[in-house]
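The block underneath contains the structure these notes are about, expressed in structure tokens.
Start at 1 and go down the list; that is how both ligands and their atoms are numbered. In what follows, every heavy atom counts, from backbone to side chain, and hydrogens, waters and symmetry copies are set aside.
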Amino acid sequence: MILRSSALSSIPFLLLVLCQSALADDFDCKPSLEGSHYDFTSLGNGEHVVNRTRETPPTQIIDSLAFDLCGDLKTKEGVKDHDQCPSGTRVCLTQVNIKENELERVISVIPLAQSSKLNPELTVSPKSPRHLNLTFHGPEYPQSPAQSLGAPLAQSFKLTLWCDPQIESPNITITGYDGSQLHLEYHGAAGCPLAGSPNPDEGKKPEDGKEPEPVGSGLGWFFMLFLLAFIAYFGIGAYYNYSTYGARGMDLIPHRDFWQEVPYMLKDVISHMCSSARPRRSSRGGYIAV
Ligand SMILES: *[C@@H]1O[C@H](CO)[C@@H](O)[C@H](O)[C@H]1NC(C)=O
Ligand SMILES: *[C@@H]1O[C@H](CO)[C@@H](O)[C@H](O)[C@H]1NC(C)=O
Ligand SMILES: *[C@@H]1O[C@H](CO)[C@@H](O)[C@H](O)[C@H]1NC(C)=O
């Protein structure tokens with residue numbers, strides 16, 4: 001844990017260009033990216049609908065987007081097949097035309113993302129894990145053979161998520177559709193990294209404050225215990241010598257013979273190391289022993 005978070009906090013986030021990960025085709029709705037974990041199940045497990053109305057006098061067009069990030073949309077009973085997306089669709093855009101005193105008419109049905117072509121891409125902002133883009137892919141529209149003037153365009157769905165834990169009911173808005181990619185913007189809690197993910201915005205300060213502590217205090221404790229053991233050794237040893245032999249002065253030192261030897265032993269070791277590091281000098285002056 002310590003290693004992981006310190007390694008992460010030392011990553012120069014700003015140098016990381018957009019970190020992109022191609023997720024498995026089977027998008028599991030709980031992706032992990034750059035050590036942050038997300039849960040998109042509140043945008044799945046059933047159909048979510050976002051509408052947008054455009055004034056196109058003398059009519060109105062309602063862009064109705066239905067999506068389920070975690071699974072396929074269910075086909076609706078009582079709606080004609082050509083008025084809804086085929087099975088296997090995860091994101092479906094339906095455009096409905098409304099004219100006063102007339103029946104509303106479905107003018108286009110566009111599968112923006114299908115499970116078989118999903119190819120999900122998730123990118124997280126290099127500055128903050130609280131800003132994400134998720135892109136799903138779909139088939140071309142209109143399906144060939146082309147009936148329209150332009151060539152069929154590959155469709156995709158781009159969802160931009162902004163973490164906003166305060167918002168009670170998330171704000172989801174269609175911000176654009178250029179005939180190929182629909183852009184949906186989301187503000188809410190699903191854009192927030194889950195607890196346990198490193199969070200440069202909020203978690204950095206406490207993490208940085210805590211990190212060096214375990215290492216420093218661990219070493220500190222080690223030396224403290226070592227010192228205490230040493231003091232206890234001399235204290236108890238001296239008391240033992242005093243009470244058992246009535247020792248005084250230098251004689252109080254436990255294992256005195258050993259401790260008196262220590263300086264000589266050190267001297268021996270050092271002189272041995274020095275002599276083996278240098279060429280040996282002959283005792284008979286001037287000649288190198290061969
Ligand atoms: C969105 O628009 C569709 C098509 O007009 C309509 O049936 C549906 O009730 C609308 N849903 C919402 C949430 O406004
Ligand atoms: C998401 O896409 C928009 C353009 O649609 C771009 O401006 C933004 O930088 C992207 N953000 C991330 C985190 O990839
Ligand atoms: C929802 O988001 C859109 C665009 O991001 C903004 O214009 C609108 O005011 C927001 N609505 C609410 C209720 O926060």
Side-chain angles (χ1 to χ4, degrees), residues 11 13-23 31-38 40 42-43 46-56 59-69 73-80 82-85 89 91-113 119-137 154-164 169-188 190-193 197-201:
I11 288 174
F13 273 101
L14 293 175
L15 289 183
L16 285 174
V17 200
L18 291 183
C19 322
Q20 188 163 0
S21 87
L23 306 166
S32 299
L33 191 61
E34 293 302 304
S36 296
H37 310 287
Y38 300 90
F40 297 154
S42 66
L43 294 168
E47 185 180 271
H48 302 259
V49 177
V50 181
N51 283 354
R52 161 177 89 158
T53 306
R54 286 180 288 144
E55 298 299 330
T56 50
T59 65
Q60 271 187 333
I61 293 176
I62 297 179
D63 296 317
S64 183
L65 183 79
F67 66 91
D68 181 344
L69 292 192
L73 295 167
K74 298 213 163 45
T75 49
K76 294 192 192 76
E77 302 283 337
V79 178
K80 290 186 197 109
H82 60 250
D83 279 351
Q84 61 179 321
C85 287
T89 302
V91 186
C92 182
L93 175 65
T94 311
Q95 297 178 322
V96 179
N97 188 256
I98 296 174
K99 194 171 188 183
E100 232 175 293
N101 303 322
E102 287 179 33
L103 285 176
E104 50 184 69
R105 200 159 69 111
V106 176
I107 54 172
S108 47
V109 175
I110 308 169
L112 293 171
N119 188 20
E121 289 164 17
L122 185 65
T123 59
V124 61
S125 161
K127 289 179 210 136
S128 163
R130 299 152 74 89
H131 171 42
L132 302 157
N133 280 341
L134 174 66
T135 307
F136 282 170
H137 297 88
Q155 301 295 310
S156 60
F157 165 72
K158 182 168 185 174
L159 172 63
T160 296
L161 298 115
W162 298 91
C163 166
D164 201 336
S169 56
N171 182 358
I172 315 181
T173 325
I174 296 172
T175 54
Y177 177 60
D178 60 5
S180 171
Q181 185 171 70
L182 182 131
H183 197 190
L184 189 70
E185 199 150 322
Y186 167 96
H187 294 257
C192 303
S197 307
N199 186 339
D201 284 358

Side chain of His137, backbone of Asn119: donor and acceptor closer than 3.5 Å? yes
Counting heavy atoms not belonging to Arg54, are there more than 12 under 6.0 Å from its CZ? yes
In short, Val49 meets Ser64 closest at the heavy-atom pair CG1-OG, 3.7 Å
Heavy-atom closest pair (Cys92 atom, Val109 atom, distance to 0.1 Å) is SG-CG1, 4.2 Å
Provide the number and element of each atom of ligand 2 under 4.0 Å from a heavy atom of His183. 5 (O)
Would you check whether Thr160 has a nitrogen or oxygen atom less than 3.5 angstrom from a nitrogen or oxygen atom of ligand 2? no
Cut-off 3.5 Å, side chains only: do Ser156 and Gln181 have a donor facing an acceptor? yes
Output, in order, the C-alpha distance, side-chain angles, deciding distance and verdict of side chain to side chain donor-acceptor pair (under 3.5 Å) for Glu55 and Gln60. CA-CA 5 Å; Glu55 298 299 330; Gln60 271 187 333; 2.8 Å; yes
Do any nitrogen or oxygen atoms of Lys158 come within less than 3.5 Å of a nitrogen or oxygen of ligand 2? yes
Give me the ring orientation class for Phe157 and Phe136: parallel if the planes are under 30° apart, tilted from 30 to 60°, perpendicular past 60°. tilted
With a 3.5 Å distance limit and no angle check, can you tell me whether Ser125 reaches the backbone of Lys127 through a side-chain donor-acceptor pair? yes
Dump the pairs for me: ligand 1 N or O, protein N or O, distance under 3.5 Å, to 0.1 Å.
{"unit_1": "ligand 1", "atom_1": "2 (O)", "unit_2": "Asn51", "atom_2": "OD1", "d": "3.2"}
{"unit_1": "ligand 1", "atom_1": "2 (O)", "unit_2": "Asn51", "atom_2": "ND2", "d": "2.3"}
{"unit_1": "ligand 1", "atom_1": "11 (N)", "unit_2": "Asn51", "atom_2": "ND2", "d": "2.8"}
{"unit_1": "ligand 1", "atom_1": "14 (O)", "unit_2": "Asn51", "atom_2": "ND2", "d": "2.9"}

Numbering the atoms of ligand 2 from 1, which are under 4.0 Å from a heavy atom of Val124? 13 (C)
As an exercise, identify every atom of ligand 2 less than 4.0 angstrom from a heavy atom of Ser125. 13 (C)
